[in-house]
Amino acid sequence: MSDLLTMMWKESKDLLFQRRWSAWILPVLLVGILGVYLPLQAGLQWLELSPIEIIVILWIPFFVIITFIGDAIAGERERHTLETLLASRISDRAILLGKLIVTVGYAWGMALVGLLLGLVLVNLFRGHGNWAFYHPFDVFLEALALSLLCCVLGASAGVLISLRSATVRQAQLILSVGTLVLIFGGILALQALPANFVSSLSYSQFLLLMIAAIAVLDAILLGLSLVSFQRSRLILS
Amino acid sequence: MSEPIIHIEHLSRSFGTVKALDDLSLEVPAGVVFGFLGPNGAGKTTTIHLLLGLLSPTQGQARVLGFDTCTQAAAIRAHSGALLEFAGLYERMSGEDNLDLYGRIYQMPAPARQARIKELLTHLDLWERRRDQVGTWSRGMKQKLAVARALFHHPSLIFLDEPTAGFDPIAAASLRNDLASLVAREGVTVFLTTHNLTEAEKLCAQVAVIRQGKLMTVGAPDELRARTGGQEAEIVGRGFTEQMLASLRERPEVAHADLHNSHLLIQLRGESEMGPLVRLLVLAGAEVEEVRRGKASLEDVFLTLMEEEST
(Lines give C-alpha, C1' and ligand atoms only; values in the text may rest on other atoms or scores of the structure.)
Protein backbone atom coordinates (compact mmCIF):
# COMPACT_ATOMS: atom_id res chain seq x y z
CA MET A 1 0.00 0.00 0.00
CA SER A 2 2.83 2.42 0.85
CA ASP A 3 4.41 1.69 -2.56
CA LEU A 4 1.15 2.59 -4.25
CA LEU A 5 0.92 5.85 -2.28
CA THR A 6 4.55 6.64 -3.20
CA MET A 7 3.82 6.16 -6.90
CA MET A 8 0.68 8.29 -6.61
CA TRP A 9 2.72 11.03 -4.89
CA LYS A 10 5.30 10.84 -7.67
CA GLU A 11 2.75 10.89 -10.48
CA SER A 12 0.91 13.85 -9.03
CA LYS A 13 4.20 15.77 -8.58
CA ASP A 14 5.60 14.88 -11.99
CA LEU A 15 2.47 15.14 -14.08
CA LEU A 16 -0.04 17.39 -12.42
CA PHE A 17 1.46 19.71 -9.85
CA GLN A 18 4.51 21.01 -11.64
CA ARG A 19 5.73 24.47 -10.77
CA ARG A 20 4.65 25.82 -14.14
CA TRP A 21 1.57 27.87 -14.85
CA SER A 22 1.19 26.13 -18.24
CA ALA A 23 0.31 22.88 -16.39
CA TRP A 24 -2.95 24.56 -15.36
CA ILE A 25 -4.11 25.59 -18.86
CA LEU A 26 -5.82 22.29 -19.74
CA PRO A 27 -7.73 21.77 -16.46
CA VAL A 28 -8.84 25.42 -16.32
CA LEU A 29 -10.00 25.29 -19.95
CA LEU A 30 -11.91 22.02 -19.64
CA VAL A 31 -13.50 22.84 -16.28
CA GLY A 32 -14.37 26.24 -17.75
CA ILE A 33 -16.23 24.57 -20.63
CA LEU A 34 -17.95 21.89 -18.53
CA GLY A 35 -18.57 23.93 -15.39
CA VAL A 36 -19.08 27.50 -16.61
CA TYR A 37 -19.71 28.02 -20.30
CA LEU A 38 -22.08 25.15 -21.12
CA PRO A 39 -24.19 25.36 -17.90
CA LEU A 40 -24.66 29.12 -18.22
CA GLN A 41 -25.64 28.69 -21.91
CA ALA A 42 -28.13 25.90 -21.16
CA GLY A 43 -29.59 27.36 -17.96
CA LEU A 44 -31.79 25.05 -15.86
CA GLN A 45 -31.95 22.56 -18.78
CA TRP A 46 -28.32 21.75 -17.90
CA LEU A 47 -29.56 19.90 -14.83
CA GLU A 48 -31.79 17.60 -16.93
CA LEU A 49 -28.83 15.56 -18.24
CA SER A 50 -29.72 15.36 -21.93
CA PRO A 51 -27.91 12.76 -24.12
CA ILE A 52 -25.69 15.51 -25.54
CA GLU A 53 -24.72 16.56 -22.02
CA ILE A 54 -23.91 12.94 -21.11
CA ILE A 55 -21.63 12.73 -24.16
CA VAL A 56 -19.81 15.88 -22.99
CA ILE A 57 -19.47 14.45 -19.46
CA LEU A 58 -17.97 11.26 -20.94
CA TRP A 59 -15.81 12.95 -23.56
CA ILE A 60 -13.97 15.56 -21.47
CA PRO A 61 -12.32 13.17 -18.95
CA PHE A 62 -11.69 10.63 -21.73
CA PHE A 63 -9.86 13.35 -23.71
CA VAL A 64 -7.74 14.15 -20.63
CA ILE A 65 -6.90 10.47 -20.17
CA ILE A 66 -5.68 9.94 -23.72
CA THR A 67 -3.62 13.14 -23.47
CA PHE A 68 -1.85 12.12 -20.24
CA ILE A 69 -1.56 8.33 -20.21
CA GLY A 70 0.88 8.19 -23.15
CA ASP A 71 3.19 10.56 -21.29
CA ALA A 72 2.90 8.53 -18.08
CA ILE A 73 4.03 5.25 -19.70
CA ALA A 74 5.73 5.84 -23.08
CA GLY A 75 7.06 9.18 -21.79
CA GLU A 76 8.81 7.51 -18.86
CA ARG A 77 10.45 5.08 -21.25
CA GLU A 78 11.38 7.82 -23.72
CA ARG A 79 12.98 9.91 -20.95
CA HIS A 80 14.75 6.79 -19.53
CA THR A 81 13.24 7.26 -16.06
CA LEU A 82 11.34 3.96 -16.16
CA GLU A 83 14.55 1.89 -16.27
CA THR A 84 15.82 3.49 -13.04
CA LEU A 85 12.44 2.97 -11.38
CA LEU A 86 12.52 -0.70 -12.42
CA ALA A 87 15.98 -1.06 -10.87
CA SER A 88 14.53 -0.02 -7.49
CA ARG A 89 12.58 -2.13 -4.98
CA ILE A 90 9.14 -0.86 -6.02
CA SER A 91 6.82 -3.50 -7.51
CA ASP A 92 5.59 -3.52 -11.12
CA ARG A 93 2.00 -3.48 -9.89
CA ALA A 94 2.54 -0.40 -7.69
CA ILE A 95 4.11 1.47 -10.62
CA LEU A 96 1.24 0.66 -12.97
CA LEU A 97 -1.62 1.13 -10.52
CA GLY A 98 -0.11 4.38 -9.19
CA LYS A 99 -0.08 5.78 -12.72
CA LEU A 100 -3.60 4.55 -13.50
CA ILE A 101 -5.17 5.83 -10.27
CA VAL A 102 -3.66 9.31 -10.54
CA THR A 103 -4.46 9.72 -14.24
CA VAL A 104 -8.02 8.42 -13.87
CA GLY A 105 -8.53 10.41 -10.65
CA TYR A 106 -7.28 13.59 -12.33
CA ALA A 107 -9.51 13.21 -15.39
CA TRP A 108 -12.62 12.06 -13.55
CA GLY A 109 -12.04 14.63 -10.81
CA MET A 110 -12.09 17.30 -13.50
CA ALA A 111 -15.53 16.06 -14.64
CA LEU A 112 -16.80 16.07 -11.04
CA VAL A 113 -15.50 19.60 -10.40
CA GLY A 114 -17.09 20.74 -13.69
CA LEU A 115 -20.47 19.21 -12.79
CA LEU A 116 -20.38 20.68 -9.28
CA LEU A 117 -19.40 24.12 -10.56
CA GLY A 118 -22.14 23.93 -13.23
CA LEU A 119 -24.72 23.03 -10.56
CA VAL A 120 -23.74 26.00 -8.38
CA LEU A 121 -23.57 28.51 -11.25
CA VAL A 122 -26.89 27.42 -12.83
CA ASN A 123 -28.64 27.71 -9.47
CA LEU A 124 -27.01 31.06 -8.70
CA PHE A 125 -27.42 32.78 -12.05
CA ARG A 126 -30.19 30.90 -13.90
CA GLY A 127 -32.29 29.52 -11.02
CA HIS A 128 -35.72 30.59 -9.79
CA GLY A 129 -34.95 30.77 -6.12
CA ASN A 130 -35.36 27.06 -5.35
CA TRP A 131 -32.16 25.00 -5.24
CA ALA A 132 -32.36 22.34 -8.00
CA PHE A 133 -30.14 19.25 -8.46
CA TYR A 134 -29.29 17.08 -11.51
CA HIS A 135 -32.28 14.88 -12.37
CA PRO A 136 -33.37 12.15 -12.78
CA PHE A 137 -31.01 11.19 -9.94
CA ASP A 138 -30.48 7.59 -11.18
CA VAL A 139 -29.37 8.94 -14.57
CA PHE A 140 -26.96 11.30 -12.78
CA LEU A 141 -25.40 8.40 -10.87
CA GLU A 142 -25.22 6.29 -14.04
CA ALA A 143 -23.55 9.15 -15.91
CA LEU A 144 -20.93 9.42 -13.16
CA ALA A 145 -20.30 5.66 -13.20
CA LEU A 146 -20.12 5.60 -16.99
CA SER A 147 -17.70 8.52 -16.97
CA LEU A 148 -15.43 6.71 -14.47
CA LEU A 149 -15.55 3.48 -16.50
CA CYS A 150 -14.71 5.37 -19.71
CA CYS A 151 -11.68 6.88 -17.91
CA VAL A 152 -10.52 3.39 -16.86
CA LEU A 153 -11.11 2.16 -20.43
CA GLY A 154 -8.99 4.98 -21.91
CA ALA A 155 -6.28 4.50 -19.28
CA SER A 156 -5.91 0.73 -19.64
CA ALA A 157 -6.07 0.89 -23.45
CA GLY A 158 -3.51 3.71 -23.21
CA VAL A 159 -1.19 1.53 -21.12
CA LEU A 160 -1.33 -1.33 -23.63
CA ILE A 161 -0.73 1.01 -26.58
CA SER A 162 2.04 2.95 -24.78
CA LEU A 163 3.88 -0.27 -23.97
CA ARG A 164 4.07 -0.98 -27.69
CA SER A 165 4.90 2.56 -28.80
CA ALA A 166 8.41 3.91 -29.21
CA THR A 167 7.47 7.50 -28.33
CA VAL A 168 4.75 9.51 -26.58
CA ARG A 169 3.76 11.02 -29.93
CA GLN A 170 3.23 7.59 -31.47
CA ALA A 171 1.20 6.44 -28.45
CA GLN A 172 -1.04 9.52 -28.60
CA LEU A 173 -1.56 9.11 -32.33
CA ILE A 174 -2.59 5.46 -31.99
CA LEU A 175 -4.83 6.34 -29.03
CA SER A 176 -6.61 9.04 -31.08
CA VAL A 177 -7.20 6.62 -33.95
CA GLY A 178 -8.26 3.93 -31.45
CA THR A 179 -10.80 6.34 -29.93
CA LEU A 180 -12.40 6.89 -33.34
CA VAL A 181 -12.53 3.12 -33.90
CA LEU A 182 -14.12 2.69 -30.45
CA ILE A 183 -16.79 5.33 -31.13
CA PHE A 184 -17.75 3.98 -34.54
CA GLY A 185 -17.50 0.40 -33.30
CA GLY A 186 -19.91 1.31 -30.50
CA ILE A 187 -22.37 2.87 -32.95
CA LEU A 188 -22.21 -0.21 -35.21
CA ALA A 189 -22.70 -2.50 -32.19
CA LEU A 190 -25.79 -0.53 -31.18
CA GLN A 191 -27.15 -0.73 -34.71
CA ALA A 192 -26.60 -4.49 -34.67
CA LEU A 193 -28.91 -4.86 -31.67
CA PRO A 194 -32.58 -5.65 -32.49
CA ALA A 195 -34.45 -2.33 -32.99
CA ASN A 196 -37.40 -3.34 -30.79
CA PHE A 197 -34.97 -4.25 -27.97
CA VAL A 198 -33.30 -0.85 -28.07
CA SER A 199 -36.59 1.05 -28.29
CA SER A 200 -37.98 -0.90 -25.33
CA LEU A 201 -35.19 0.42 -23.08
CA SER A 202 -35.63 3.50 -20.92
CA TYR A 203 -32.89 6.19 -20.88
CA SER A 204 -31.64 4.84 -17.54
CA GLN A 205 -31.72 1.20 -18.73
CA PHE A 206 -29.78 2.17 -21.86
CA LEU A 207 -27.07 3.76 -19.70
CA LEU A 208 -26.98 0.61 -17.54
CA LEU A 209 -26.43 -1.49 -20.67
CA MET A 210 -23.52 0.79 -21.63
CA ILE A 211 -22.11 0.51 -18.11
CA ALA A 212 -22.21 -3.31 -18.30
CA ALA A 213 -20.52 -3.39 -21.73
CA ILE A 214 -17.75 -0.95 -20.77
CA ALA A 215 -17.20 -2.66 -17.40
CA VAL A 216 -16.50 -5.94 -19.24
CA LEU A 217 -14.10 -4.16 -21.61
CA ASP A 218 -12.40 -2.47 -18.64
CA ALA A 219 -11.88 -5.78 -16.85
CA ILE A 220 -10.30 -7.34 -19.96
CA LEU A 221 -8.00 -4.40 -20.75
CA LEU A 222 -7.00 -3.84 -17.13
CA GLY A 223 -6.14 -7.53 -16.78
CA LEU A 224 -4.06 -7.40 -19.96
CA SER A 225 -2.27 -4.25 -18.74
CA LEU A 226 -1.33 -5.91 -15.45
CA VAL A 227 0.00 -8.95 -17.31
CA SER A 228 1.94 -6.86 -19.85
CA PHE A 229 3.51 -4.43 -17.37
CA GLN A 230 6.38 -6.62 -16.17
CA ARG A 231 10.00 -5.69 -15.50
CA SER A 232 11.50 -8.45 -17.63
CA ARG A 233 9.45 -7.33 -20.67
CA LEU A 234 9.87 -3.61 -20.06
CA ILE A 235 13.65 -3.77 -19.71
CA LEU A 236 13.91 -5.52 -23.08
CA SER A 237 11.65 -3.03 -24.84
CA MET B 1 38.29 -14.10 4.07
CA SER B 2 34.83 -12.48 3.91
CA GLU B 3 32.08 -13.63 1.52
CA PRO B 4 32.20 -11.95 -1.90
CA ILE B 5 29.40 -9.42 -2.32
CA ILE B 6 28.84 -10.60 -5.91
CA HIS B 7 29.37 -14.21 -6.90
CA ILE B 8 28.85 -15.11 -10.57
CA GLU B 9 29.07 -18.68 -11.94
CA HIS B 10 29.07 -19.46 -15.66
CA LEU B 11 26.55 -16.71 -16.40
CA SER B 12 25.39 -16.45 -20.02
CA ARG B 13 22.68 -14.42 -21.71
CA SER B 14 21.66 -14.54 -25.35
CA PHE B 15 19.33 -12.26 -27.30
CA GLY B 16 18.21 -14.40 -30.23
CA THR B 17 21.39 -15.55 -31.90
CA VAL B 18 23.55 -12.89 -30.25
CA LYS B 19 25.43 -14.01 -27.15
CA ALA B 20 25.65 -10.85 -25.02
CA LEU B 21 27.32 -12.62 -22.11
CA ASP B 22 29.28 -15.85 -22.46
CA ASP B 23 30.10 -18.05 -19.46
CA LEU B 24 31.08 -15.27 -17.07
CA SER B 25 32.46 -16.35 -13.70
CA LEU B 26 33.55 -13.65 -11.29
CA GLU B 27 33.72 -12.68 -7.63
CA VAL B 28 33.57 -9.13 -6.32
CA PRO B 29 34.85 -8.61 -2.76
CA ALA B 30 33.01 -6.32 -0.36
CA GLY B 31 34.13 -2.74 0.21
CA VAL B 32 35.97 -2.10 -3.06
CA VAL B 33 35.34 -0.15 -6.23
CA PHE B 34 35.28 -2.90 -8.83
CA GLY B 35 35.77 -1.79 -12.43
CA PHE B 36 34.10 -3.76 -15.19
CA LEU B 37 35.89 -2.67 -18.34
CA GLY B 38 35.10 -3.33 -21.94
CA PRO B 39 34.47 -1.68 -25.29
CA ASN B 40 30.96 -0.70 -26.41
CA GLY B 41 28.72 -3.73 -26.81
CA ALA B 42 30.95 -5.95 -24.65
CA GLY B 43 28.08 -6.99 -22.36
CA LYS B 44 28.62 -4.60 -19.43
CA THR B 45 25.06 -3.26 -19.23
CA THR B 46 23.61 -6.75 -19.73
CA THR B 47 25.69 -7.91 -16.75
CA ILE B 48 24.24 -5.14 -14.56
CA HIS B 49 20.70 -6.00 -15.70
CA LEU B 50 21.32 -9.65 -14.86
CA LEU B 51 22.81 -8.83 -11.43
CA LEU B 52 19.82 -6.63 -10.58
CA GLY B 53 17.47 -9.43 -11.62
CA LEU B 54 15.95 -7.30 -14.39
CA LEU B 55 16.87 -10.00 -16.91
CA SER B 56 17.03 -13.78 -16.49
CA PRO B 57 20.19 -15.59 -17.52
CA THR B 58 20.11 -18.10 -20.35
CA GLN B 59 22.56 -20.23 -18.34
CA GLY B 60 24.43 -20.03 -15.07
CA GLN B 61 23.65 -18.26 -11.84
CA ALA B 62 24.66 -15.32 -9.70
CA ARG B 63 24.30 -14.25 -6.09
CA VAL B 64 24.35 -10.59 -5.12
CA LEU B 65 24.52 -9.64 -1.41
CA GLY B 66 23.79 -13.31 -0.73
CA PHE B 67 20.56 -13.28 -2.76
CA ASP B 68 19.92 -15.31 -5.90
CA THR B 69 19.35 -13.05 -8.93
CA CYS B 70 16.59 -15.28 -10.32
CA THR B 71 14.54 -16.03 -7.22
CA GLN B 72 15.39 -13.12 -4.86
CA ALA B 73 15.74 -10.21 -7.27
CA ALA B 74 13.42 -7.96 -5.23
CA ALA B 75 15.71 -8.35 -2.18
CA ILE B 76 18.76 -7.41 -4.29
CA ARG B 77 17.02 -4.27 -5.55
CA ALA B 78 15.94 -3.41 -2.00
CA HIS B 79 19.53 -3.49 -0.71
CA SER B 80 21.39 -1.95 -3.64
CA GLY B 81 21.37 1.30 -5.60
CA ALA B 82 21.81 1.87 -9.31
CA LEU B 83 22.78 4.58 -11.74
CA LEU B 84 22.14 3.00 -15.11
CA GLU B 85 23.13 4.12 -18.59
CA PHE B 86 20.94 7.25 -18.34
CA ALA B 87 20.59 9.46 -15.25
CA GLY B 88 16.85 8.70 -15.19
CA LEU B 89 15.88 11.86 -13.30
CA TYR B 90 12.42 13.43 -13.38
CA GLU B 91 13.27 16.71 -15.05
CA ARG B 92 9.93 18.38 -14.24
CA MET B 93 10.49 17.71 -10.54
CA SER B 94 12.93 19.55 -8.27
CA GLY B 95 16.25 18.04 -7.15
CA GLU B 96 14.99 17.48 -3.62
CA ASP B 97 11.77 15.86 -4.86
CA ASN B 98 13.80 13.46 -7.02
CA LEU B 99 15.72 12.33 -3.94
CA ASP B 100 12.61 12.36 -1.75
CA LEU B 101 10.88 10.01 -4.21
CA TYR B 102 13.61 7.40 -3.87
CA GLY B 103 13.64 7.86 -0.08
CA ARG B 104 9.91 7.08 -0.10
CA ILE B 105 10.47 4.10 -2.41
CA TYR B 106 13.00 2.72 0.09
CA GLN B 107 10.56 3.42 2.93
CA MET B 108 12.72 5.90 4.82
CA PRO B 109 10.84 8.02 7.38
CA ALA B 110 10.32 11.71 6.51
CA PRO B 111 12.87 13.19 9.00
CA ALA B 112 15.55 10.74 7.78
CA ARG B 113 14.78 11.68 4.17
CA GLN B 114 15.07 15.39 4.88
CA ALA B 115 18.35 14.95 6.75
CA ARG B 116 19.79 12.76 3.98
CA ILE B 117 18.75 15.21 1.25
CA LYS B 118 20.54 18.02 3.08
CA GLU B 119 23.63 15.89 3.75
CA LEU B 120 24.08 14.68 0.16
CA LEU B 121 23.13 17.89 -1.66
CA THR B 122 25.39 19.95 0.59
CA HIS B 123 28.28 17.53 0.04
CA LEU B 124 27.80 17.77 -3.73
CA ASP B 125 27.34 21.59 -3.77
CA LEU B 126 23.78 21.26 -5.05
CA TRP B 127 21.89 22.47 -1.96
CA GLU B 128 21.27 26.01 -3.29
CA ARG B 129 19.56 24.63 -6.40
CA ARG B 130 17.48 21.98 -4.58
CA ARG B 131 14.11 23.58 -5.34
CA ASP B 132 14.79 24.21 -9.05
CA GLN B 133 13.42 21.87 -11.68
CA VAL B 134 16.13 19.37 -12.60
CA GLY B 135 15.52 20.15 -16.29
CA THR B 136 17.18 23.54 -15.71
CA TRP B 137 20.38 21.98 -14.26
CA SER B 138 23.64 21.32 -16.15
CA ARG B 139 24.48 17.78 -17.21
CA GLY B 140 27.22 17.44 -14.60
CA MET B 141 24.85 18.55 -11.81
CA LYS B 142 22.23 16.05 -12.99
CA GLN B 143 24.74 13.21 -12.94
CA LYS B 144 25.86 14.16 -9.42
CA LEU B 145 22.22 14.09 -8.34
CA ALA B 146 21.82 10.66 -9.93
CA VAL B 147 24.84 9.40 -7.95
CA ALA B 148 23.30 10.86 -4.78
CA ARG B 149 20.04 9.08 -5.60
CA ALA B 150 21.83 5.73 -5.96
CA LEU B 151 23.43 6.21 -2.51
CA PHE B 152 20.40 7.81 -0.85
CA HIS B 153 19.06 4.83 1.11
CA HIS B 154 22.52 3.74 2.41
CA PRO B 155 22.82 0.63 0.20
CA SER B 156 25.74 -1.70 0.76
CA LEU B 157 26.30 -2.04 -3.00
CA ILE B 158 25.78 0.34 -5.92
CA PHE B 159 25.90 -0.29 -9.66
CA LEU B 160 27.22 2.57 -11.79
CA ASP B 161 26.91 2.12 -15.55
CA GLU B 162 29.42 4.41 -17.28
CA PRO B 163 28.74 7.40 -15.01
CA THR B 164 31.04 9.84 -16.87
CA ALA B 165 30.25 8.72 -20.44
CA GLY B 166 29.97 11.69 -22.80
CA PHE B 167 31.36 14.22 -20.29
CA ASP B 168 34.12 16.69 -21.11
CA PRO B 169 37.41 15.99 -19.23
CA ILE B 170 36.83 18.70 -16.59
CA ALA B 171 33.26 17.63 -15.79
CA ALA B 172 34.33 13.96 -15.77
CA ALA B 173 37.20 14.69 -13.36
CA SER B 174 34.90 16.68 -11.07
CA LEU B 175 32.32 13.89 -11.02
CA ARG B 176 35.04 11.32 -10.42
CA ASN B 177 36.34 13.28 -7.41
CA ASP B 178 32.84 13.59 -5.95
CA LEU B 179 32.22 9.92 -6.57
CA ALA B 180 35.49 8.88 -4.92
CA SER B 181 34.87 11.03 -1.83
CA LEU B 182 31.26 9.84 -1.46
CA VAL B 183 32.17 6.18 -1.88
CA ALA B 184 34.99 6.48 0.68
CA ARG B 185 32.70 8.25 3.16
CA GLU B 186 29.80 5.82 2.76
CA GLY B 187 31.93 2.65 2.74
CA VAL B 188 29.88 1.18 -0.07
CA THR B 189 30.92 -1.46 -2.61
CA VAL B 190 30.77 -0.15 -6.17
CA PHE B 191 30.35 -2.18 -9.35
CA LEU B 192 31.44 0.33 -11.98
CA THR B 193 31.23 -0.34 -15.70
CA THR B 194 33.28 1.92 -17.90
CA HIS B 195 35.34 2.11 -21.04
CA ASN B 196 37.21 5.07 -19.59
CA LEU B 197 40.49 3.58 -18.46
CA THR B 198 41.70 6.68 -16.63
CA GLU B 199 38.55 6.48 -14.57
CA ALA B 200 39.14 2.82 -13.78
CA GLU B 201 42.76 3.49 -12.91
CA LYS B 202 41.85 6.31 -10.51
CA LEU B 203 38.85 4.72 -8.82
CA CYS B 204 39.13 0.94 -8.91
CA ALA B 205 40.89 -1.42 -6.53
CA GLN B 206 40.11 -4.34 -8.85
CA VAL B 207 39.15 -4.55 -12.49
CA ALA B 208 37.78 -7.16 -14.87
CA VAL B 209 38.08 -6.83 -18.62
CA ILE B 210 35.29 -8.18 -20.81
CA ARG B 211 35.05 -8.44 -24.56
CA GLN B 212 32.21 -9.81 -26.70
CA GLY B 213 30.61 -11.18 -23.56
CA LYS B 214 33.70 -13.09 -22.44
CA LEU B 215 35.83 -12.35 -19.40
CA MET B 216 39.41 -11.76 -20.50
CA THR B 217 41.16 -11.01 -17.24
CA VAL B 218 40.53 -9.91 -13.67
CA GLY B 219 42.72 -8.51 -10.90
CA ALA B 220 44.14 -5.36 -9.32
CA PRO B 221 45.40 -2.81 -11.93
CA ASP B 222 49.02 -3.43 -10.84
CA GLU B 223 48.61 -7.20 -11.19
CA LEU B 224 47.18 -6.76 -14.67
CA ARG B 225 50.09 -4.57 -15.70
CA ALA B 226 52.52 -7.23 -14.51
CA ARG B 227 50.54 -10.07 -16.08
CA THR B 228 50.13 -8.44 -19.48
CA GLY B 229 53.65 -7.23 -19.72
CA GLY B 230 53.55 -4.08 -17.78
CA GLN B 231 56.71 -2.37 -19.16
CA GLU B 232 56.81 0.15 -21.93
CA ALA B 233 59.63 2.00 -23.61
CA GLU B 234 59.93 5.06 -25.79
CA ILE B 235 62.88 5.43 -28.17
CA VAL B 236 63.57 8.86 -29.63
CA GLY B 237 65.71 9.14 -32.73
CA ARG B 238 65.83 9.19 -36.54
CA GLY B 239 65.74 6.74 -39.43
CA PHE B 240 63.16 4.29 -38.09
CA THR B 241 61.67 2.24 -40.93
CA GLU B 242 58.73 -0.12 -41.35
CA GLN B 243 61.21 -2.96 -41.74
CA MET B 244 62.73 -2.17 -38.32
CA LEU B 245 59.26 -2.12 -36.81
CA ALA B 246 58.51 -5.53 -38.34
CA SER B 247 61.77 -6.93 -36.92
CA LEU B 248 60.93 -5.56 -33.47
CA ARG B 249 57.44 -7.08 -33.56
CA GLU B 250 58.95 -10.49 -34.31
CA ARG B 251 60.97 -10.43 -31.08
CA PRO B 252 59.41 -12.55 -28.30
CA GLU B 253 59.87 -9.85 -25.64
CA VAL B 254 57.92 -7.24 -27.67
CA ALA B 255 54.13 -7.21 -27.16
CA HIS B 256 53.48 -4.16 -29.27
CA ALA B 257 55.52 -1.66 -31.30
CA ASP B 258 54.44 1.48 -33.07
CA LEU B 259 55.90 4.67 -34.53
CA HIS B 260 54.52 8.11 -33.58
CA ASN B 261 56.26 11.28 -34.85
CA SER B 262 59.74 9.73 -34.86
CA HIS B 263 59.10 8.26 -31.40
CA LEU B 264 59.17 4.49 -31.27
CA LEU B 265 56.72 3.16 -28.67
CA ILE B 266 57.38 -0.37 -27.50
CA GLN B 267 55.42 -2.46 -25.06
CA LEU B 268 57.43 -5.23 -23.46
CA ARG B 269 56.49 -8.58 -22.06
CA GLY B 270 57.76 -9.07 -18.49
CA GLU B 271 60.99 -7.50 -17.26
CA SER B 272 62.79 -7.55 -20.63
CA GLU B 273 66.11 -5.84 -21.33
CA MET B 274 66.19 -2.93 -23.78
CA GLY B 275 69.81 -3.36 -24.87
CA PRO B 276 69.26 -6.06 -27.53
CA LEU B 277 66.38 -4.06 -29.05
CA VAL B 278 68.42 -0.83 -29.23
CA ARG B 279 71.32 -2.80 -30.78
CA LEU B 280 68.95 -4.21 -33.41
CA LEU B 281 67.82 -0.73 -34.36
CA VAL B 282 71.33 0.73 -34.51
CA LEU B 283 72.64 -2.18 -36.61
CA ALA B 284 69.73 -1.64 -39.00
CA GLY B 285 70.82 2.00 -39.47
CA ALA B 286 68.70 3.98 -37.02
CA GLU B 287 70.11 6.90 -34.98
CA VAL B 288 68.99 6.50 -31.34
CA GLU B 289 69.08 9.70 -29.26
CA GLU B 290 67.22 8.70 -26.11
CA VAL B 291 65.62 5.65 -24.50
CA ARG B 292 62.92 6.09 -21.80
CA ARG B 293 61.32 3.28 -19.81
CA GLY B 294 58.03 3.44 -17.86
CA LYS B 295 55.15 1.52 -16.41
CA ALA B 296 52.37 0.58 -18.79
CA SER B 297 49.05 2.31 -18.10
CA LEU B 298 45.81 0.38 -17.73
CA GLU B 299 45.03 1.62 -21.21
CA ASP B 300 48.09 -0.21 -22.57
CA VAL B 301 47.01 -3.36 -20.76
CA PHE B 302 43.51 -3.01 -22.16
CA LEU B 303 44.74 -2.42 -25.72
CA THR B 304 47.10 -5.38 -25.49
CA LEU B 305 44.26 -7.62 -24.33
CA MET B 306 42.00 -6.42 -27.13
CA GLU B 307 44.78 -6.98 -29.66
CA GLU B 308 45.63 -10.45 -28.37
CA GLU B 309 41.97 -11.47 -28.56
CA SER B 310 41.52 -10.25 -32.13
CA THR B 311 44.64 -12.05 -33.42
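Below, all heavy atoms of this structure are taken into account, side chains as well, without hydrogens, waters or symmetry copies. A, B, ... follow the sequence lines: proteins, then strands. Residue 1 opens every chain.
B:Leu52 touches chain A through its side chain: at least one heavy atom from C-beta onward sits under 4.5 Å away, while N, CA, C and O do not. Proximity to chain B (any heavy atom under 4.5 Å) is shown, for A:Leu85, by both the backbone and the side chain. For B:Glu91, no part lies under 4.5 angstrom from a heavy atom of chain A. The parts of A:Ser88 that come within reach of chain B are both its backbone and its side chain, each placing non-hydrogen atoms under 4.5 angstrom from that chain. Using a 4.5 Å cut-off between heavy atoms, B:Tyr102 touches chain A through its side chain atoms alone. For a residue to count as touching a neighbouring chain, one of its non-hydrogen atoms must lie under 4.5 Å from one of that chain's; by this rule B:Ala146 does not touch chain A.
By the 4.5 Å heavy-atom criterion applied to side chains, A:Asp3 and B:Ile105 are not counted as neighbours. Side-chain contact between A:Arg89 and B:His153 is absent, with no heavy-atom pair separated by less than 4.5 Å.
Listed by chain and number, the residues in a salt bridge (Lys or Arg N to Asp or Glu O under 4.0 Å) with B:Lys19 are B:Asp22 (sequence neighbours excluded). Taking A:Glu142 as the reference, nothing meets the salt bridge (Lys or Arg N to Asp or Glu O under 4.0 Å) condition, with sequence neighbours excluded. In this structure, the salt bridge (Lys or Arg N to Asp or Glu O under 4.0 Å) partners of B:Arg104, at least two apart in sequence or on a different chain, are B:Asp100.
Residues of residues 76-85 of chain B that come within less than 4.5 angstrom of chain A, heavy atom to heavy atom, are B:Arg77, B:Ala78, B:Ala82, B:Leu84 in numerical order.
The neighbour count for A:Leu124 CG, taken as heavy atoms of other residues, nucleotides or ligands under 6.0 Å away, is above 12. For A:Phe140, the CZ atom counts as densely surrounded, since its 6.0 Å shell holds more than 12 non-hydrogen atoms of other residues, nucleotides or ligands. Applying the 6.0 Å contact sphere to CZ of A:Phe184 captures no more than 12 heavy atoms from other residues, nucleotides or ligands. Applying the 6.0 Å contact sphere to CZ of B:Arg185 captures more than 12 heavy atoms from other residues, nucleotides or ligands. B:Gln59 CD: 12 or fewer foreign heavy atoms inside a 6.0 Å radius. Summarising the local packing, OH of A:Tyr37 is surrounded by 12 or fewer heavy atoms from other residues, nucleotides or ligands at distances under 6.0 Å.
Nearest heavy-atom pair, A:Leu86 versus B:Leu54, reported as atom, atom and distance to 0.1 Å: O-CD2, 3.3 Å.
Heavy-atom pairs under 4.5 Å with chain A were tallied for B:Tyr90, B:Tyr106, B:Phe159; the largest tally goes to B:Tyr90.
Here A:Arg231 contributes atom CZ and B:His49 contributes atom NE2; the two are 12.0 Å apart, rounded to the nearest 0.5 Å. Once rounded to the nearest 0.5 Å, the distance linking OG1 of A:Thr81 with CG of B:Leu89 reads 9.0 Å. Taking CE of A:Met7 as the start and CG of B:Leu101 as the end, the distance is 7.5 Å to the nearest 0.5 Å.
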